[in-house]
Each structure stands twice: as structure tokens, then as C-alpha cells.
Amino acid sequence: MDYVLQTYHLTKRYKDKVVVNDLNMTIKTGDIYGFLGQNGAGKTTTLRMLMGLIRPSAGEVELFGAELNGNRNKALERIGAIIEYPGFYLNLNAVDNLEIHRRLMGMGNKECIDEVLTTVGLLDAKHQKVRNYSLGMKQRLGIARALLHHPELLILDEPTNGLDPGGIKEIRQLFLDLTKQRGITFIISSHLLSEVEQVANRIGIIHQGRLLEEIDYETLQKKTRHYLEIKVDDGQRAAYVLEQKLNITDYLVTEPGILRLYEQLDQPEKINLTLTKNDIGVKKIVLSGDSLEDYFLKLTGGE
Ligand SMILES: Nc1ncnc2c1ncn2[C@@H]1O[C@H](COP(=O)(O)OP(=O)(O)O)[C@@H](O)[C@H]1O
Ligand SMILES: [Mg+2]
């Protein structure tokens, strides 16, 4: 199956306020799907609907190819989630915290606790009180807890929130490992582009309850690549000269006489000189392209 989860016109209204508006999301198997939006955009509300924790005002959630309303518990058994900050008994250690959860949920046997703690890299710290855990360790313990019943899809609300760059890197590696080794699909929300872009392979951008865009990270990167825009009197010959003399192959001719070079961006003088020497009139060379941040700001109306 291609899609782990799809929503159709998913909508949530509180009184007359539309908080989630006509969302059509698609999450593919093995995705680390970054659900990006400012505070108040509607992320948590959406994730709660995906989990069946709150009822949509309109629209549908399809999980593993079946409607959530249909065989709901079966589908939900295949999901693990942390919505909101994961709560633990701070005076207990990691093992005891997980054991309480395991018994409460009537899951597996005791061995699975060491297994998930190994997975998230907390085995050595398993006897420490959770009180003494760093934020990153607590996040990982939350993920360990969500992994106890071997879910195929993990839904995590702002898992990188408050982590330092090192912590984000570790979490990212954990997500990648889990995707690779166990084929787990992730939906992770964040209000920070910088965090999402470090972790996700697909990104859905939500703004004021609407899904503005759903895009592969690679495509997004291409859209936001920097380039040298060159205006010349003879585009075809210029392309030939750039290839032959400077070995430039990564370029586009966007209009007659206008080229975008995606390499040697730091060499405008050399490019200018080479073209001029070969009798090509150079009218303009400028470095352009949006940063990811610019792109995101434009999309969300620059707020
Ligand atoms: N139970 C509720 N009743 C009324 N409004 C709500 C409720 N839950 C969330 N909202 C509103 O919905 C909007 C989106 O909230 P939320 O989904 O938490 O956004 P995010 O997680 O992206 O920060 C906010 O304006 C919030 O105030
Ligand atoms: Mg939220």
C-alpha cells in the first residue's frame, strides 16, 4: 500500500471558528512527514483527529487504507503517538515508567522494555530517575513508550521542541533508523522550519487551518536553490562556452538569453571574463534565489 494515511476534506470547527479547514493530506509508507505551521495553525487539532481523539466536524481520515470510523480500534492499534508533552513519573526510573504503561495497556512482556530502551539509546540510563533526564532523553523515553506495541506509524507533536541542535540531530538519526530498520512512518509537527527541514523528507505546510502545500524536501530544496542569473546577447553560445570552458553542466535556460547557473556561484568574475573573452555580451550577472525561510514566509503571507 502506498499511503499509510490520507485525509479527505478534514475539517474542525469550534463554535463558528474553523480551526482546521478542508485538509487533504497524504502520508506515504516510510515518510518522515514534517507537519509545519506557526503556533495556532491547527497542527495539534489535526493530529488529534488523526488519532481519533477528537471527532472531525467534516471530512474523513483514512488509516492504512481503511476509514478511521470503520474498524477504528484495529487501525489505532497500529499507531503510536505523543500528543502534548509526554508525562512521566519523575521519581521513578525509565524501566518503572515503561512497566507501568505496559501493564496499563496490557502489552507484551517485560523484555520489550529493554528492547525499546535500546532502540532509543537509553539502556545505560534505564535506572536513573526520569527527574534527572535531559529534555532530549525525556523525548526519547516518550518515543520508547510509543514504540512498546510495535506501531507502524508514529505521530509526534513537536518532538524537537526545546531541543538543542545536538539533541535534534540525535532524534533525527533515531527517526531515520526506525524508518530504515522497521519501516516505521512518522508524522512530526513543528512550528520551526529549521527543525522540520533537518528531519523530514516530506513537508506539509499548514497555515490558519489550511494546508498550503505538501512537498518533497528535495523539491523544496530545488525550489529554493540559489543560482547565478546571467543575461547575455546569445544564450545558446553562452551555454556552449560555459560547458566547454568552465565545465558548467548544472544550468537552465529560462528564457532566450537568460541562464541560471547552479554551480560555481562564487565565480561571477571568472564567468563574466570567460564569456566576454569569447565575444559574448554580458548584460547582467546576479546571485538570486529564495532561502527556505523566505519561501516559507512568502507562502504564509510574510507574517
Ligand atoms: N477545544 C478548543 N476550543 C476552541 N478553540 C480551540 C480548541 N482547541 C484549539 N483551539 C484553537 O484552534 C486553533 C489551533 O490550535 P492548535 O491546533 O493547538 O494549533 P497548533 O498546534 O498548530 O499550535 C487555535 O486558535 C486554538 O486556540
Ligand atoms: Mg500544537
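All values below come from the heavy atoms of this structure, side chains included, with hydrogens, waters and symmetry mates left out. For the single chain, residues carry numbers from 1 onward in sequence order. In each ligand, atom 1 is the first atom listed, and ligand 1 is the first ligand listed. Just so it is clear, the structure is predicted and the values come from calculations on it, not from any experiment.
Taking the six-membered ring where tryptophan is involved, the planes of Tyr262 and Tyr227 are perpendicular, since the angle between them exceeds 60° and thus also 30°.
Residue Gly40 places a heavy atom under 4.0 Å from ligand 1.
Contact atoms of ligand 1 toward Asn39: 23 (O) (distance under 4.0 Å to a heavy atom of the residue). Atom numbering of ligand 1 starts at 1 in the shown order; those under 4.0 Å from a heavy atom of Gln38 are 22 (O).
For Glu152 and Arg182, the salt-bridge test fails: no basic side-chain N is under 4.0 Å from an acidic carboxylate O. In this structure, Asp114 pairs ionically with Lys126, as a charged nitrogen and a carboxylate oxygen lie closer than 4.0 Å.
For the Mg ion (ligand 2), the N/O/S atoms of Thr44 include one lying under 2.8 Å.
Taking atom 7 (C) of ligand 1 as the reference point, the nearest protein heavy-atom neighbour is Tyr14 CE1, 3.3 Å. Of the protein's non-hydrogen atoms, the one nearest atom 18 (O) of ligand 1 is Thr44 CB, 3.7 Å. When hydrogens are left out, the protein atom nearest atom 27 (O) of ligand 1 is Lys17 NZ, 4.3 Å; that is the closest non-hydrogen contact. Counting only heavy atoms of the protein, atom 11 (C) of ligand 1 lies nearest to Val19 CG2, 4.0 Å. Among all non-hydrogen protein atoms, the one lying nearest atom 15 (O) of ligand 1 is Thr45 OG1, 3.8 Å.
Checking side-chain atoms of Ser189 against main-chain N and O of Glu158 turns up a donor-acceptor pair under 3.5 Å.
Interatomic distance, His149 NE2 to His101 NE2, rounded to the nearest 0.5 Å: 7.5 Å.
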Which atom pairs, one a donor and one an acceptor, fall under 3.5 Å between side chains of residues 250-258 and the rest of the protein, sequence neighbours left out?
{"unit_1": "Asp250", "atom_1": "OD2", "unit_2": "Arg225", "atom_2": "NH2", "d": "2.5"}
{"unit_1": "Tyr251", "atom_1": "OH", "unit_2": "Glu243", "atom_2": "OE2", "d": "2.4"}

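The distance criterion of under 3.5 Å between nitrogen or oxygen atoms is not met by Thr46 with respect to ligand 1.
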